[in-house]
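In each ligand, atom 1 is the first atom listed, and ligand 1 is the first ligand listed.
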Amino acid sequence: MKPNAPQAPDLASEGDVNLSPRRRQWEREHLGPATAQLLARDAACFLHQSLSTPCFNAVKSASGIWLEDVEGRRTMDFHGNNVHQLGHGHPRVIEAVKRQLDTLPFAPRRYTNEAAVLLAERLVSLAPGHLSKVLFAPGGAEAIGMALKLARLATGRHKTVSMWDSFHGASLDAISIGGEAIFRRNMGPLLSGTEHAPPCDPHDCLYGCGGLCNARCADYVEYMLAKEEDVAAVIVETIRCTDVQIPPPEYHRRLRAACDKHGALLIYDEIPICLGRTGTMFAFEHYGVIPDMVVIGKGLGGGVFPMAALLARGDLDIAADRALGHYTHEKSSVGCAAALATLEVIEEEKLLERAAALGTRARERMRAMKTRQPLIGDVRGIGLLLGIELNDPATGAPAKAKAEDVMYRALAAGLSFKVGQGNVLNLSPPLVISEVDLDRAFDIVETALTATGGP
Ligand SMILES: Cc1ncc(COP(=O)(O)O)c(C=O)c1O
């Protein structure tokens, strides 16, 4: 076989792949001719790739927690690519975007604009500690690339330590530090000097900590930094989003100490989990550890505009004669207006408090479900970042086919969510969801689990 010939996809990845027989079955059972025709036209003109085209359905409108497909079926969106803290089409965001479109639809890069400056000032005022400088980018992967460049320039070193199974975006530099086979396999040479460590995965720890994490994986990172001596940065998702891996406080404290000891910068990737998902503005606030840089994105654009940002220590402003980003839509007037409105809504609607309170309610429900559903091996969550891990009750092995089946059953019943790493139901509801809808979503999950049955 040629090295780059298609191979069976690895389901245990960033999301559900689109080539599975279970997906085909769902399509046969649920799609009418109008959708089938649109999907066929989509598949005819878009390049195919494993996590999108061919798509499985076509959406017509999105509002609040709801997606509506072209056949009028309404689905609660607990996936939303994590842009949907405010739900879809929040009126305040839409109004801000419309207003900006009418006056300043684009700002050429040599000009600044008021929305961009206001947003930068606002983000810096929200960020704890010394994170006092900002750069915007049109997407998370690009912002990660800026962080990598800045780390090289600031340290004079080029190596990085990042984690297996992590995701930092789909560009070549981001997949070089990322740790998922579906992005890296057969891609040819990736960035050099990108070394990988085992992730902090308290529930399936390589060091066998058995759920009582002893943060030995953080000690291993320190071991790597000591051996190499010339690592520019440690880059890590503060909390891994795909399968909701929540490190203990000790993990991040040890990473911070190891970076300080060996002169490496600590970069947190909070692209999908920043701005309230975990109950705080930045997820690292749960840990009392401040990174040298943090990358945010996704919901920053209010779910309507591609926006990401790098926040860095003020004294890392050392690249005045280089181009870190230089993206066409760098200080997008419309994106910045959307982001400002988003931050206002988070504050005014008290979405941080809401995420924390609803998260407590959700975790109670998940724990109760675990006592009734033998397939559930573990439940975990922080704020409204929620995960239900499905394992074979007899062997403890990841119940991947069951997880996929639960996802398609839930979709049929009106709830969309992603499956992370093959066997974790990743539930990311909009933070504006009502208690009633949240409970209804869990009813759907539980009904799907019951219908899927045992091993
Ligand atoms: C943790 C993490 N980092 C980076 C990215 C990349 O962001 P974008 O898709 O905006 O490039 C994602 C996107 O899913 C992500 O989840």
A283 to I239 - nearest heavy-atom pair and separation: CB-CD1, 4.3 Å
Side-chain H-bond candidate by donor/acceptor type, D77 with H88, under 3.5 Å: yes
Option set K298, R240, H168, criterion heavy-atom distance to atom 9 (O) of ligand 1, minimum: K298
Aromatic plane relationship, W164 with H196 - under 30° parallel, 30 to 60° tilted, over 60° perpendicular: parallel
Proximal atoms of ligand 1 relative to A141 (non-hydrogen, under 4.0 Å): 6 (C), 7 (O), 8 (P), 11 (O)
Part of P272 within contact of ligand 1 (heavy atoms, under 4.0 Å): side chain
N or O pair under 3.5 Å between D269 and ligand 1: yes
Under 3.5 Å: N/O of F167 near N/O of ligand 1: yes
Minimum heavy-atom distance between P247 and Y287, given as atom pair plus value: O-OH, 2.6 Å
Aromatic ring pairing Y268/H252, orientation class (parallel under 30°, perpendicular over 60°, tilted between): perpendicular
Closest non-hydrogen atom pair, A116 against F136: O-CE1, 3.7 Å
Per-atom contacts, ligand 1 versus G139 - under 4.0 Å to a heavy atom: 10 (O)
Under 3.5 Å: N/O of G140 near N/O of ligand 1: yes
Numbered atoms of ligand 1 (with element) below 4.0 Å of E237, judged on heavy atoms: 1 (C)
